[in-house]
Amino acid sequence: MSMLSLDSPGTEVLLMGNEAMARGALEAGISVAAAYPGNPSSEIIASLAQVAAEMGIYAEWSVNEKVALEVAAAAACSGLNALCAMKQNGLNVASDFLLNLNLSGINGGLVLIVCDDPAGISSTNEEDSRFFAKAADLPLFEPATFHEAKDMVREAFELSGKISSVCIVRSVTRISHARGNVTLGPLPRSRPLPLFPTTRMLSALPAAATHPMAHNRLRKAAEILESSPFNRYEGPENPELMVITCGSGWLFTSEAVGLLGLKSRVGILKIGATWPLPEKFLLEHLKRTEKVLFIEEVDPVLENNVKELFADHNCELPRIRFLGKKSGAAPDVGELSPALVMGILGSVMGVPPTEKDKDYARQASADLHKFAPARSLAFCAGCPHRASYWAIKKALAFDGRDGVVFGDIGCYALAVLPTGFHQAKTLHAMGSGTGMACGFGILRGLGGTQPSIAVCGDSTFYHAAIPALINGLHQNSDFLLIILDNSATAMTGFQPHPGSPVDAMGHQAPPVAIEDLCRSLGVKTLIEDPFNLKAASDTIYDLLQEEGARVLILRQECALVRGKRAARRFNVSIDPEKCIGEECGCNRLCTRVFRCPGLNWNQALKKSTIDDAICTGCGVCVDICPRGAIIKESA
Amino acid sequence: MTEMILCGRGGQGVVFLTRLLGQVVASKGRHVISSETHGMAVRGGSINSHLRIGPFLSSLIRQGHADFLISMDSSETANNLHYLKPGGLIVENSTAADEESIRRVDAAGIARGLGRVQLENVVLMGFSSQVDGFPVSAADLRAQLAKDPREVVRTMNLQALEAGIRAAQGTM
C-alpha cells in the first residue's frame with residue numbers, strides 16, 4: 001500500500017521529497033494532477049497516479065508541460081484544486097501560458113511545482129526557474145526540508161485559493177530526490193464538483209486592466225505571506241554575520257553553522273516564501289547586522305531581490321556589506337553542499353578548519369587522486385538506440401556528403417557521446433532537433449550540400465517535434481526525421497505517452513500512432529526495426545537520396561521495458577576460433593566502437609567474450625563482427 | 001549516528017538498497033535522510049547515494065565523514081573513497097581478498113549462482129549486515145524484504161540476503 005494515501009494524521013513516515021509534495025497536494029484536497037515527466041520531478045505525478053483511483057482524483061501524463069498546465073488550469077478555473085509539476089526546462093515550455101494565466105487569475109487553487117536540477121545531474125542545463133515567479137507576479141515557495149515540502153504545497157494551495165491565482169513551489173534535486181521523515185496531516189473527506197462560472201470571463205485581455213489586477217493579487221499575497229511561519233530567524237540579537245538563505249541552502253547553512261560552532265556569532269534568516277519578499281520581516285532583521293551572506297542554489301535570485309529592497313530603504317538601514325554570488329564569496333554555478341558552505345562560512349568568519357577536519361581533508365584529497373577515469377554515460381545492453389545510431393552512422397558513411405544529425409532530448413541524447421558514436425551534432429531542448437533539421441534542410445536553396453537529419457524519440461515527437469515537422473513540410477525543406485520509437489518515455493521511468501495503450505492511472509487509452517499522424521500530413525513515412533541493421537541502414541541511405549520532408553520510424557521496444565516482461569530472443573556467444581582478437585583488422589570493433597556492455601574484451605585471451613549476465617540477447621552485435629565470430633541461436 | 005555512501009554503476013540496484021535501508025531505519029523510529037541519483041545520470045554512469053542516520057539536516061555527506069562505503073563496483077569505490085572517514089570501512093562487491101578496512105564479497109558470483117546476477121545488491125546487503133557496527137541488522141532487513149507482495153521477488157531477495165549473510169559468516 002502506498003504511504004501517500006495513508007489516512008493516519010500524526011504518523012511519521014519516510015517519504016521522498018517528491019512524494020512529500022504529492023502528499024501535500026492530497027492534504028490540500030486536489031482533484032486533478034497533470035505533468036510531463038522530467039527528472040527531478042517525475043515521482044510527483046507518478047505517485048499520485050498510483051493512488052488516483054483510491055483517492056478519487058484524476059492524474060495524467062500530458063503531452064507536454066504547456067498542455068499539463070492548461071489541463072490543471074481548466075480544473076482550477078472550475079473551482080477545483082489542481083496540481084501541475086515539471087522540471088526546470090518544462091517551465092520554459094509552459095511559460096507562454098503561465099504568463100497569461102497570471103493575468104486572468106483562476107476560480108480554484110492551482111499550484112505549480114517546478115523541480116530545478118542544480119549542476120544538471122539529470123538535465124542538459126541548470127536553469128534557475130525562480131525568475132518566472134517574478135516575471136509572472138506569482139507567489140513563490142521554496143521548501144527546505146521534506147516535511148516543509150509537504151506543508152508548503154498545502155499552504156500554497158490555501159494561498160492560491162485566497163488570491164485566485166497560481167502559486168509556484170520550487171524544489172531542487174536534493175529535496176525532490178532525497179528521503180526523510182514526514183508527519184502526515186489529515187486528508188480531506190470531500191471535494192467540490194467542477195463548475196465553471198460562465199458569469200465571469202477568465203481572459204488575459206485587456207492587459208491594461210488585467211496586469212494591475214495581477215499586481216493586486218501579488219500585494220494581497222505579500223500581506224498574507226508577511227507572517228508566514230516558513231520565514232524565520234535563528235541566531236543572536238546582533239549577529240556578526242547574517243546568512244539569508246532559502247530552500248536547500250538553509251539545510252547546508254544550518255549544518256555548517258552548527259559544525260563550525262558559530263551559532264553565537266552567525267544568524268540564519270530563512271525565507272520560505274521568497275516572492276513576494278516579506279519586506280517588513282526582512283527590514284526588521286537587516287537593521288541588526290552589518291554583514292550579510294546569501295546562500296542559495298543556483299542564481300542570485302533572493303540575493304538580488306533583497307539588495308533591491310535594501311536599496312529602496314537604504315536611508316533607514318545601517319551600512320551593510322553584502323556577500324554572495326555577486327561578491328564571489330559563493331559559487332554562481334552548480335550545486336551547494338554542507339562542505340562547500342562550511343568553506344564559505346569558515347573563510348568569511350575567519351574560522352580555520354579543526355585539526356580533525358584538516359586530517360579528513362588531507363585524506364579526502366589523497367583519495368581524490370585515486371579517482372577512476374570518469375565513467376561515460378552509455379546506452380544499456382541491448383538498447384535499440386545503439387543499433388539505430390550504428391545504422392545511421394553506416395548510412396551517412398555510404399552517402400558520403402557529410403550529413404548532419406540534429407539531436408534531441410531523451411536517452412538517445414547520449415549520441416553526443418561515444419556510446420552513440422558521436423553521431424548527434426547538436427543537443428538543446430525538447431523537439432529542437434527537428435526544428436533545426438528543418439531549418440538546415442532549407443539551406444539547400446542557399447547552396448548547402450550536406451544532408452539534414454533529425455533524431456527524435458517517440459515521447460519527444462508528441463511533445464514538441466510535430467509543429468517542426470509540419471513547418472518543414474510546408475516550407476519544402478529537405479530533411480529526414482528519424483523517430484526512435486522505443487514505446488516509452490524511457491529516460492524518466494517509462495511513463496506512458498499518447499502512443500501508449502494505457503494512461504497514467506493504468507486505464508486503457510486510445511493510442512495515437514506516430515505513422516498515422518505523419519502519413520495524415522502526407523509525409524512519406526517508413527518503418528524499420530533497428531535490430532535489422534542492414535535493412536535499417538539501407539532504408540536510411542535510400543531516404544537520404546530523396547527530397548522534401550521524410551520520416552523513418554525505427555521501432556524497437558526499450559530493452560529495460562522488454563526485459564521486465566519477455567525472455568531473451570537469442571543466446572549470443574563468440575566462437576573463440578573465429579575471433580582472432582588483435583590479429584584481426586577490425587581493431588576490436590565490437591568492444592572499442594560498438595561498446596555494448598554485454599561485450600567484454602578478455603585481456604588474458606586477447607579475444608572478445610560475451611558477459612552472459614549483462615547480454616539481453618538482442619543479437620545486433622552478430623551483424624557488426626566482420627569475421628562473423630559472434631553467433632546467435634534462438635533462445 | 002551513521003553516515004554511509006552506497007555506490008555502483010547505473011542499474012546495479014544502488015537506489016533499491018538506499019530505500020531498503022531507509023525504510024528499515026525509519027520503521028525503527030530513527031531519523032534518517034537519504035539522497036539518490038535518478039534519470040539520465042543512471043544510464044551506465046557512476047551513481048552514489050548518501051544515507052545519514054541521526055539528527056542530520058541535509059542529505060549530503062561531507063567528504064571524509066562516511067562511516068561506511070558500500071560499493072557494488074570496485075572502480076566506483078575509488079570514485080567515492082574521498083567520502084570515507086579515517087578508520088571508516090569499505091564493503092565491496094569484488095572477487096579480490098580482504099584488506100585492512102576493506103571487506104570484500106563476490107556478490108555478483110553468488111547472485112549468478114542463485115540464477116540472477118541482478119540480486120548482487122541484496123547479497124552485498126546481507127554480507128554488510130554482518131559487519132561490526134553496521135547500523136541495520138539482518139533480522140530487520142529480512143523483515144523488510146518479506147513485506148514485498150510479489151512472491152517471486154520476495155523469495156529471491158530473501159534467498160540473496162541469506163546467501164550474503166552466509167558468505168560473511170564463512171569468512172569470520
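Proteins get letters first, then strands, A, B, ... in listed order; numbering begins at 1 in each.
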Review point. Any idea which of B/Leu51, B/Leu84, B/Leu60 has the most non-hydrogen atom pairs under 4.5 angstrom with chain A?
Key: B/Leu60
Practice item. Look at B/Gly29, B/Gly64, B/Ser58 and state which one has the largest set of heavy-atom pairs under 4.5 Å with chain A. Key: B/Ser58
Exercise for review: First locate atom OG of B/Ser49, then atom NE2 of A/His177, and finally report the distance between them rounded to the nearest 0.5 Å.
Suggested key: 11.0 Å
Check your understanding: Under a 4.5 Å heavy-atom cut-off, does chain B meet the side chain of A/Ser337, its backbone, both or neither?
Key -> both
Point to revise | NZ/NE/NH1/NH2 to OD/OE distance under 4.0 Å, B/Arg112 and A/Asp611 | key: yes
Exercise for review: Heavy-atom distances under 4.5 Å only: say whether A/Glu255 touches chain B with side chain, backbone, both or neither.
Suggested key: both
Exercise for review: Would you mind checking which part of A/Leu336 comes under 4.5 Å of any heavy atom in chain B, side chain (CB onward), backbone (N, CA, C, O), both or neither?
Suggested key: backbone
Check your understanding: Looking at B/Pro86, B/Ser27, B/Ser59, which has the largest count of heavy-atom pairs under 4.5 Å with chain A?
Key -> B/Pro86
Check your understanding: Quick check: are there more than 12 heavy atoms from other residues, nucleotides or ligands sitting under 6.0 Å from CZ of B/Arg116?
Key -> no
**Study point:** Structural part of B/Arg52 lying under 4.5 Å from a heavy atom of chain A
**Key:** side chain
Check your understanding: Taking all atoms of both residues into account, what is the closest heavy-atom pair of B/Glu36 and A/Arg174, and its distance?
Key -> O-NH1, 4.3 Å
**Study point:** A/Phe252 side chain reached by B/Leu57 side chain, heavy atoms, under 4.5 Å
**Key:** no
Review point. Is atom CZ of A/Arg565 surrounded by more than 12 heavy atoms (other residues, nucleotides or ligands) closer than 6.0 Å?
Key: yes
**Study point:** Gap separating the CE atom of A/Met16 from the CZ atom of B/Arg19, nearest 0.5 angstrom
**Key:** 4.5 Å
Check your understanding: Hey, which of A/Leu259, A/Thr419, A/Ile175 has the most heavy atom pairs under 4.5 Å with chain B?
Key -> A/Leu259
Review point. Side chain, backbone, both or neither: which part of A/Asp117 has a non-hydrogen atom closer than 4.5 Å to chain B?
Key: neither
